[in-house]
Amino acid sequence: FFYRGYEVHKLLDLSHRELMKLMHARVRRRFQRGHVPNNLMRRLRKAKRDAARSGDKPKVIKTHLRNMVIIPEMVGSVIGVHNGKEFTQVEIKPDMIGHYLGEFAISYKPVKHGRPGVG
């Protein structure tokens, strides 16, 4: 998978400033203003580190941060994104980079159209 012409392992090697040049304007503005949840990133790093030792998938990290932008460092993590009622498990894949966590945890129940009512 390529993100704006870069493979995922090359994206991990980029500095924070170079990575932000590849993101769209809304994400750049957000990171410039310091709206980065470091607590979530720290928990994701720890889960990936523990999983590497045991050889399993990382444990699920639950969060309400639906507006968190997916960055290359998060690829391979499993995140429980709150949809207003419960936590939806989302496994971060390379093609999710640049999107928001909330895009992958639908917050409403799709309408199932049945028969029309009588009257």
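When a residue number appears, it is its place in the shown sequence, counting from 1. Only heavy atoms go into these numbers, but all of them, side chains included; no hydrogens, no water, no symmetry mates.
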- Item | Enclosure of Arg29 CZ (heavy-atom neighbours >12, cutoff 6.0 Å) | no

- Check the surroundings of atom CD in Gln89: do more than 12 heavy atoms from other residues, nucleotides or ligands lie under 6.0 Å from it? no

- Pairs in or reaching into residues 41-61: which pass ring pair (Phe, Tyr, Trp, His ring centres under 6.0 Å), with residues at least two apart or in two chains? none

- Message: Going by ring pair (Phe, Tyr, Trp, His ring centres under 6.0 Å), name the pairs with one or both residues in residues 39-61, residues two or more places apart or in two chains.
- Response: none

Roughly how far, to the nearest 0.5 Å, is the [atom2] atom of [Y] from the [atom1] atom of [X]?
X: Lys62; Y: Arg43; atom1: NZ; atom2: CZ; answer: 10.0 Å
X: Phe2; Y: Leu11; atom1: CZ; atom2: CG; answer: 10.5 Å
X: Glu7; Y: His9; atom1: CD; atom2: NE2; answer: 4.0 Å
X: Leu19; Y: Leu12; atom1: CG; atom2: CG; answer: 9.0 Å
X: Leu40; Y: Arg42; atom1: CG; atom2: CZ; answer: 10.0 Å
X: Ile79; Y: Glu91; atom1: CD1; atom2: CD; answer: 10.5 Å

- Message: For residues Val78 and Val81: do they belong to one hydrophobic cluster (side chain heavy atoms under 4.5 Å, members Ile, Leu, Val, Met, Phe, Trp, Tyr)?
- Response: no

- Task: Tell me whether Leu101 is reachable from Val60 by hopping between hydrophobic residues (I, L, V, M, F, W, Y) whose side-chain heavy atoms are closer than 4.5 Å.
- Result: no

Can you name the closest pair of heavy atoms from [X] and [Y] and give their distance?
X: Asp95; Y: His99; answer: O-CD2, 3.9 Å
X: Ala47; Y: Ile61; answer: CB-CD1, 3.9 Å
X: Arg30; Y: Val69; answer: NH1-CG2, 3.9 Å
X: Pro58; Y: Gly76; answer: CG-O, 3.5 Å
X: Asn83; Y: Lys85; answer: OD1-N, 3.0 Å

- Message: Determine whether Leu22 and Leu14 satisfy the following criterion, side chain to side chain contact (heavy atoms under 4.5 Å, CB included), listing intermediate values before the conclusion.
- Response: CA-CA 10 Å; Leu22 298 176; Leu14 294 177; 3.7 Å; yes

- So Asp50 and Arg53, salt bridge (Lys or Arg N to Asp or Glu O under 4.0 Å) or not? Walk me through it. CA-CA 5 Å; Asp50 294 345; Arg53 289 185 192 137; 3.4 Å; yes

Short question: side chain of [X], backbone of [Y] - any donor-acceptor pair under 3.5 Å?
X: Arg66; Y: Tyr100; answer: no
X: Lys48; Y: Val75; answer: yes
X: Arg45; Y: Glu73; answer: no

- Non-hydrogen side-chain atoms of Met23 and Tyr3 separated by less than 4.5 Å: yes

- Task: Would you mind reporting whether Met68 and Thr63 have side-chain heavy atoms less than 4.5 Å apart?
- Result: no

- Note on the structure: Contacts of Arg17 meeting side chain to side chain contact (heavy atoms under 4.5 Å, CB included) (sequence neighbours excluded), chain-then-number -> Ser15

- So His16 and Phe31, would you call those rings parallel, tilted or perpendicular, with 30° and 60° as cut-offs? tilted

- Task: Evaluate side chain to side chain contact (heavy atoms under 4.5 Å, CB included) for Glu18 paired with Lys21, printing each intermediate quantity in order.
- Result: CA-CA 5 Å; Glu18 292 168 335; Lys21 286 181 183 176; 5.5 Å; no

- Please test Ile70 against Glu103 for side chain to side chain contact (heavy atoms under 4.5 Å, CB included), starting from the C-alpha separation and ending with a verdict. CA-CA 11 Å; Ile70 297 173; Glu103 293 179 47; over 6 Å; no

- Task: Check the pair Phe87 / His64 against side chain to side chain contact (heavy atoms under 4.5 Å, CB included), numbers first and verdict last.
- Result: CA-CA 9 Å; Phe87 290 93; His64 285 249; 3.7 Å; yes

